[in-house]
Amino acid sequence: MSALVVKRATGFLIYRQLPCDKIEFLLLQASYKDHHWTPPKGHVDSGEDDITTAYRETKEEAGFDKEDLIVKDFKVEMNYQAYGRPKIVIYFLAELKNPHQNVTLSEEHQDSCWLSLDEACHKVAYEDMQETLRKCYIYIKSS
């Protein structure tokens, strides 16, 4: 019996700060399968480390470069089943330096939006992502 391969993906949970301490999170809508909403993320390529993948995927999926982000000392690891197979996703937290910078979508996504914590939790389908957003929000507010 062969060993089950665990898929690994990484990305950034990107937020922007607006006047009056308003925090909004970036979500992208997939253009495939169930059209779910997630932060930018993707599979780790051979030879890449987690943070390199997160930067590459964020550039590909949202158009943000390394210089556009302020990476925080916070990350979350999620473990779940994706299409019947185990998957690990590491999200790093990053603030967008220019809160008015436009998102540039790849073909993998059909829409994007900036949402408050409550709106983002309502938009994402999975409880573990809702909990991850809440943890990020608490971290942001306490920093």
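Since the model is a prediction, treat every value here as computed from it, not as a measurement. We count residues from 1, following the sequence as given. Below, all heavy atoms of this structure are taken into account, side chains as well, without hydrogens, waters or symmetry copies.
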**Request:** I would like to know whether L28 and V103 meet side chain to side chain contact (heavy atoms under 4.5 Å, CB included); could you show each step before the answer?
**Result:** CA-CA 10 Å; L28 307 178; V103 175; 4.3 Å; yes
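- Atom NZ of K7 sits in a sparse spot, with 12 or fewer heavy atoms from other residues, nucleotides or ligands closer than 6.0 Å.
- Environment of OH in Y80: crowded, with over 12 heavy atoms of neighbouring residues, nucleotides or ligands closer than 6.0 Å.
- Other residues, nucleotides and ligands contribute only 12 or fewer heavy atoms inside 6.0 Å of the NZ atom of K75.
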**Working for side chain to side chain contact (heavy atoms under 4.5 Å, CB included), residues I23 and L117** = CA-CA 8 Å; I23 306 289; L117 175 63; over 6 Å; no
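- Ion pair E119/K123 not flagged as a salt bridge, since none of the NZ, NE, NH1 or NH2 atoms sits closer than 4.0 Å to an Asp/Glu carboxylate oxygen.
- Taking the side chain as every heavy atom from C-beta outward, F74 and I140 never approach each other to under 4.5 Å.
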**Request:** Applying side chain to side chain contact (heavy atoms under 4.5 Å, CB included), run through T58 and K66 and close with a yes or a no.
**Result:** CA-CA 9 Å; T58 299; K66 190 174 189 174; over 6 Å; no
**Request:** Evaluate the salt bridge (charged side-chain N to carboxylate O under 4.0 Å, His left out) criterion for residues K59 and D65: first the C-alpha distance (whole Å), next the side-chain angles of each, then the deciding distance (0.1 Å), finally the verdict.
**Result:** CA-CA 5 Å; K59 175 64 177 168; D65 286 314; 3.3 Å; yes
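- Rounding to the nearest 0.5 Å places CZ of F25 at 10.5 Å from CE of M129.
- Checking side-chain atoms of H109 against main-chain N and O of Q29 turns up no donor-acceptor pair under 3.5 Å.
- Note: E57 CD to D45 CG = 7.5 Å, rounded to the nearest 0.5 Å.
- Atoms CG and CD1, on D68 and I14 in that order, are 9.0 Å from each other to the nearest 0.5 Å.
- Note that CZ of F64 and CG of L96 are 4.5 Å apart. Values are rounded to the nearest 0.5 Å.
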**Asked** Checking side chain to side chain donor-acceptor pair (under 3.5 Å) for the pair S106/E60: CA distance, chi angles, key distance, verdict?
**Response** CA-CA 6 Å; S106 71; E60 289 173 9; over 6 Å; no
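- Annotation: Q81, atom CD; neighbour count of heavy atoms from other residues, nucleotides and ligands within 6.0 Å is above 12.
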**Item:** Pair C136-Y91, side chain to side chain contact (heavy atoms under 4.5 Å, CB included): steps then yes or no
**Value:** CA-CA 10 Å; C136 289; Y91 282 110; over 6 Å; no
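- Judged by distance alone, the side chain of E24 and the main-chain N or O of R16 form no donor-acceptor pair under 3.5 Å.
- Between P86 and N79, the closest side-chain pair of non-hydrogen atoms is not below 4.5 Å.
- The number of heavy-atom neighbours closer than 6.0 Å to NE2 of H122, taken from other residues, nucleotides and ligands shown, is 12 or below.
- No single ILVMFWY cluster, assembled from side-chain heavy atoms under 4.5 Å apart, contains both V44 and Y55.
- Here the straight-line distance linking atom NZ of K22 with atom OH of Y15 works out to 16.0 Å at 0.5 Å rounding.
- Put simply, the side chain of K135 reaches to within 4.5 Å of the side chain of E131, judged on heavy atoms.
- The CZ atom of F92 sits 5.0 Å away from atom CG of D50, with the distance rounded to the nearest 0.5 Å.
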